[in-house]
Trainee: 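The structure follows.
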Amino acid sequence: YSGTARYHSAMQRVREFNKFYQIPNPLKQRLEEYFQHAWSYTNGIDMNMVLKGFPDCLQADICVHLNRNLLNNCPAFQGASSGCLRALSMKFKTTHAPPGDTLVHQGDVLVSLY
C-alpha cells in the first residue's frame with residue numbers, strides 16, 4: 001500500500017507542476033509518461049539518494065556491483081585495475097528514457113556518453 005500511495009503522491013506532484021507552469025499538452029504527456037516509465041523501472045527508489053547515505057568505500061562497492069555487466073563485458077574496461085573500475089563506476093549515472101524518446105537532438109552539446 002505504501003508504494004502505491006508514494007506513486008500517486010509523486011504523480012500528483014508532476015501533475016501540479018504541469019498545471020502550475022502551464023505545460024502544453026504534448027510536453028505534459030511526455031513528462032507523465034517519463035515519470036511512469038521511471039517509476040516502473042526503479043519502483044520510486046532514487047539510487048543516488050540512497051547511496052549518499054553510505055561511506056564512499058561502500059558506495060564504490062555497490063556501484064561496481066550495479067555496473068558489473070558493463071565493466072566485465074565492455075572491451076574498453078579490460079585490463080583496468082580494480083581501483084580504476086571502482087573510480088569509474090562511481091561516475092556512472094543511470095538514466096531512464098521511455099521507448100521511442102529521443103536522447104540526443106541534432107545540435108545538442110553532449111556532456112554525457114550513452
Side-chain angles (χ1 to χ4, degrees):
Y1 170 76
S2 68
T4 302
R6 285 187 309 119
Y7 171 83
H8 288 292
S9 175
M11 177 56 99
Q12 185 60 34
R13 285 193 301 275
V14 171
R15 290 182 175 141
E16 288 170 1
F17 173 88
N18 287 336
K19 185 176 181 179
F20 182 80
Y21 289 104
Q22 300 175 352
I23 305 297
N25 195 33
L27 184 55
K28 177 173 70 170
Q29 184 176 350
R30 285 180 54 208
L31 287 173
E32 291 180 10
E33 287 174 0
Y34 173 84
F35 172 80
Q36 291 169 345
H37 180 267
W39 188 278
S40 70
Y41 191 79
T42 65
N43 202 29
I45 298 169
D46 183 342
M47 180 175 58
N48 294 320
M49 290 300 295
V50 172
L51 285 175
K52 286 180 184 179
F54 297 107
D56 288 345
C57 60
L58 192 50
Q59 287 182 39
D61 289 341
I62 294 167
C63 290
V64 167
H65 171 75
L66 294 174
N67 294 291
R68 67 190 177 281
N69 288 335
L70 175 65
L71 297 172
N72 292 333
N73 297 319
C74 181
F77 302 121
Q78 290 178 354
S81 69
S82 63
C84 177
L85 296 176
R86 288 170 62 82
L88 283 172
S89 68
M90 292 278 289
K91 298 295 183 185
F92 294 155
K93 300 291 181 217
T94 301
T95 187
H96 307 281
D101 210 20
T102 303
L103 298 180
V104 179
H105 295 89
Q106 185 173 354
D108 284 354
V109 175
L110 297 180
V111 295
S112 301
L113 298 175
Y114 294 94

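Quick caveat, the model's predicted, so the values are computed rather than measured.
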Trainee: Of all the heavy-atom pairs spanning Ser89 and Asn67, show the shortest one and how long it is.
Mentor: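 Minimum heavy-atom contact is O-ND2, 3.8 Å.
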Trainee: Taking the side chain as C-beta and beyond, is there a heavy-atom pair between Asp56 and Gln59 under 4.5 Å?
Mentor: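 Asp56 vs Gln59: side chains touch.
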Trainee: Can you give each donor-acceptor pair under 3.5 Å made by side-chain atoms of residues 72-85, sequence neighbours left out, with the distance rounded to 0.1 Å?
Mentor:
unit_1	atom_1	unit_2	atom_2	d
Asn72	ND2	Arg68	O	3.1
Asn73	ND2	Asn69	O	3.0
Ser81	OG	Cys84	N	3.1

Trainee: Counting C-beta onward and ignoring hydrogens, is there a side-chain heavy-atom pair between Met47 and Leu66 closer than 4.5 Å?
Mentor: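 The answer is yes; the side chains approach within 4.5 Å.
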Trainee: Run Thr95 and Ser112 through side-chain contact (heavy atoms from CB on, under 4.5 Å) and show every step you take.
Mentor: CA-CA 11 Å; Thr95 187; Ser112 301; over 6 Å; no
Trainee: Test: salt bridge (Lys or Arg N to Asp or Glu O under 4.0 Å). Region: residues 10-23. Which pairs qualify, not counting sequence neighbours?
Mentor: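 For residues 10-23, and leaving out neighbouring residues, the salt bridge (Lys or Arg N to Asp or Glu O under 4.0 Å) pairs sorted by first residue read Arg15-Glu32.
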Trainee: With heavy-atom distances below 4.5 Å as the criterion, would you say the side chains of Thr4 and His8 are in contact?
Mentor: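 Thr4 reaches His8 side chain to side chain.
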Trainee: Taking Ile45 as the starting point, is it possible to reach Phe54 by hopping between hydrophobic residues whose side chains are less than 4.5 Å apart?
Mentor: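 Yes, it is one cluster - the side chains of Phe54 and Ile45 are joined through contacts under 4.5 Å.
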Trainee: Keeping Asp46 on the side-chain end and Asn48 on the backbone end, is there a donor-acceptor pair under 3.5 Å?
Mentor: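 Yes; at least one donor-acceptor contact below 3.5 Å.
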Trainee: Do Leu88 and Leu70 belong together in a cluster built from hydrophobic side chains that touch within less than 4.5 Å?
Mentor: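 Both belong to a single hydrophobic cluster.
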Trainee: Does some side-chain heavy atom of Leu31 sit less than 4.5 Å from a side-chain heavy atom of Phe17?
Mentor: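 Result yes, sub-4.5 Å side-chain heavy-atom pair found.
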Trainee: Identify whether Met49 and Trp39 are in the same connected component of the hydrophobic contact network (ILVMFWY, side-chain heavy atoms under 4.5 Å).
Mentor: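 Not linked; separate clusters.
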Trainee: Where the side chain of Arg86 meets the backbone of Cys57, is there a donor-acceptor pair that is under 3.5 Å apart?
Mentor: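 Checked: pair present.
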Trainee: Do you know which two heavy atoms are closest between His37 and Ala97, and how far apart they sit?
Mentor: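 Closest pair (atom of His37, atom of Ala97, distance): CE1-O, 3.3 Å.
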Trainee: Compute the ring centroids of Phe35 and Tyr7, then answer whether they are less than 6.0 Å apart.
Mentor: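 Yes; Tyr7 has its ring centre under 6.0 Å from that of Phe35.
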Trainee: Any chance CZ of Phe92 has more than 12 other-residue heavy atoms, nucleotides or ligands included, within less than 6.0 Å?
Mentor: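 Yes, because the 6.0 Å sphere around CZ of Phe92 holds more than 12 heavy atoms from other groups.
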